[in-house]
Number of protein chains: 2
Amino acid sequence: MSEDDVLRQIEQAVIDHRLPPGTKLKEVQLAEVFGVKRGTIRKVLARLAYSRLVDQLPNRGASVARPSVEEGRDLFATRRVLEGAIIQILTPQINKAQIRQLRQLLDREQNAYEADDSKLALSLSVDFHRQLAKMGGNGVLEEYLNDIIRRTPLVILTHLGTDPQNRCRNQEHEAIVDAIETGDAKKAVAIMNRHLLHIENRIEHKTEDPQPDLATLLLSS
Amino acid sequence: MSEDDVLRQIEQAVIDHRLPPGTKLKEVQLAEVFGVKRGTIRKVLARLAYSRLVDQLPNRGASVARPSVEEGRDLFATRRVLEGAIIQILTPQINKAQIRQLRQLLDREQNAYEADDSKLALSLSVDFHRQLAKMGGNGVLEEYLNDIIRRTPLVILTHLGTDPQNRCRNQEHEAIVDAIETGDAKKAVAIMNRHLLHIENRIEHKTEDPQPDLATLLLSS
DNA sequence: AATCACTAAATTGTTAACAATATTTAACAA
DNA sequence: TTGTTAAATATTGTTAACAATTTAGTGATT
């Protein structure tokens, strides 16, 4: 198993919340699990730390990151900026084949959803955003959006839990494609912003999950 | 000398074009120069590669990156997106003290320029952009802009050379602050875009510096 | 010269052993 | 119990030696 494989496996485990935020990631343990040397794990952890999926403290090891509410807020706000820019760029230059490709993606997402394969549906839903970025043709924008997409599940997991309501809504994706097809970038951006704010607002307004109050916790049992 | 120190030194050497694009970066050589072990250098090179300042090929070492014209174009376009967003966010929430701080920065830049200290002037000019990002209060946007700012000198160096015309113009910075102070975000963004396009266009229109034609090169001597 | 084959050197990549640091455990005292 | 210390253990960090690969050099052949 190569370094990149290990990286993907750990990343996927975080997304699937098999590794909840805060989980300690010990080097020898991981090395044994994946059947690689400790050096490989150290490189992987460094890379994950660089992309903010894990926190690393000198001499105290690595753990799955627990992004702050502020980081989550900033991440979503930046995401709106990037996805807005991508739509602005893409709309006037998109062609029929690309529109078809996007609709096909949405169909597959819808099918997965109706087949109750929520994991696949979620994955395809993310692919929609990725695909828009790719079609935009700006590699740097795409790179940054992918970075944000990678970090987003952890934010949602940390601050909203695993509520299925946190998913993207397929209809909104369709509305975005409709607006893009008519060449109405402004409208497409507006829908995308609403789309993202839908999840974003739930983080902002979440009551501050502050210290699980021991007294209440024990007395009410 | 610590890992971070080595990183900064190499980065600065790239910015100062003491290490031109394409320069081979050999591990033992660098280790001896900085008086550190090879392991430290390897980590530094990995980090530099991650932030695209260095190209790394398996088994063939690292060299100072030579960003393509496309990458340069995308980088500048993304920069306009980010700086525009930052101004949009900052303008309605900026206070007098912050305006004063910005103007002070511009004064220092102007002084450096008049004192013919072009290196300091350039550094302060970059600080202006960084400071706007910081004041915007979105850590992720700030992070991404800093990433872009780090990559920009290499693009300019690779595709425009060391022409002093490539600097930011102080007057434009002042006009941006003026617009922000009056609360006119739209105008501030417009000036910023013009400001960035000024450099950007010189890349796009640069004649393709195509293979240094050996024949011409040798026969004309 | 130009190309190929082969060897030697240089360079990058990996690993196991060791060092440094942090964490746990146990024993003891207040 | 609570707190303190010290040893034992676990974990991370570093290094020097080795392995694998690429690059440079050499000479033979056409």
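Naming: A, B, ... by sequence-line order, numbering from 1 per chain.
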Could you pull out every donor-acceptor pair under 3.5 Å between side chains of residues 126-135 of chain B and any protein atom, sequence neighbours left out?
| unit_1 | atom_1 | unit_2 | atom_2 | d |
| --- | --- | --- | --- | --- |
| B:H129 | ND1 | B:E83 | OE1 | 3.0 |
| B:H129 | ND1 | B:E83 | OE2 | 2.8 |
| B:H129 | NE2 | B:H173 | NE2 | 3.1 |
| B:R130 | NH1 | B:N146 | OD1 | 2.9 |

Of all pairs that satisfy ring pair (Phe, Tyr, Trp, His ring centres under 6.0 Å), the ones with a partner from residues 131-151 of chain B, not counting sequence neighbours
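Sorted pair list: A:Y144-B:Y144.
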
If you look only at distance, which donor and acceptor atoms sit under 3.5 Å apart when one is on a side chain in residues 21-36 of chain B and the other is two or more places apart or in another chain?
| unit_1 | atom_1 | unit_2 | atom_2 | d |
| --- | --- | --- | --- | --- |
| B:T23 | OG1 | B:P20 | O | 2.5 |
| B:K24 | NZ | B:R60 | O | 3.3 |
| B:E27 | OE1 | B:R38 | NH1 | 2.7 |
| B:E27 | OE1 | B:R42 | NH1 | 3.4 |
| B:E27 | OE2 | B:R42 | NH1 | 2.8 |

Considering every strand shown, what is the Watson-Crick or G-U wobble mate of C:dA30 when both distances are under 3.5 Å?
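Pairing partner, where one exists within any strand: D:dT1.
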
Nearest nucleotide by nearest heavy atom, which residue falls closer to the 5' end of DNA chain C, A:P58 or A:G39?
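Taking each residue's closest nucleotide, the earlier one in sequence belongs to A:G39.
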
Nearest-nucleotide comparison on DNA chain C, the residue closer to the 5′ end among A:T40 and A:R60:
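The 5'-side residue here is A:T40.
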
First and last nucleotide of DNA chain C touching chain A, 5' to 3', heavy-atom cut-off 4.0 Å?
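Both ends considered, the range comes out as C:dT14 to C:dT23.
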
Check the surroundings of atom CZ in B:R80: do more than 12 heavy atoms from other residues, nucleotides or ligands lie under 6.0 Å from it?
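Yes, because the 6.0 Å sphere around CZ of B:R80 holds more than 12 heavy atoms from other groups.
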
Would you call A:D74 and A:R79 a salt bridge, taking side-chain N to carboxylate O under 4.0 Å as the test?
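No.
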
Any salt bridge between A:R108 and A:D117, counting N to O under 4.0 Å?
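Judged by the 4.0 Å cut-off on N to carboxylate O distance, A:R108 and A:D117 do not form a salt bridge.
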
Short of 4.0 Å, heavy atom to strand atom, which residues of residues 24-37 of chain A count as contacting DNA chain C?
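Heavy-atom cutoff 4.0 Å gives A:K37.
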
Please, which pairs that meet salt bridge (Lys or Arg N to Asp or Glu O under 4.0 Å) have at least one residue in residues 148-161 of chain A, sequence neighbours excluded?
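Every salt bridge (Lys or Arg N to Asp or Glu O under 4.0 Å) pair that includes a residue of residues 148-161 of chain A, provided the two are not neighbours, is A:E11-A:R150, A:E71-A:R151, A:D147-A:R150, A:D147-A:R151, A:R151-B:E143.
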
Whole Å only: how far is the CD1 atom of A:I41 from the P atom of D:dT12?
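Going from CD1 in A:I41 over to P in D:dT12 covers 11 Å.
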
Side chains of A:R169 and A:H195 only: does a donor on one sit below 3.5 Å from an acceptor on the other?
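Judged by distance alone, the side chains do not pair up.
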
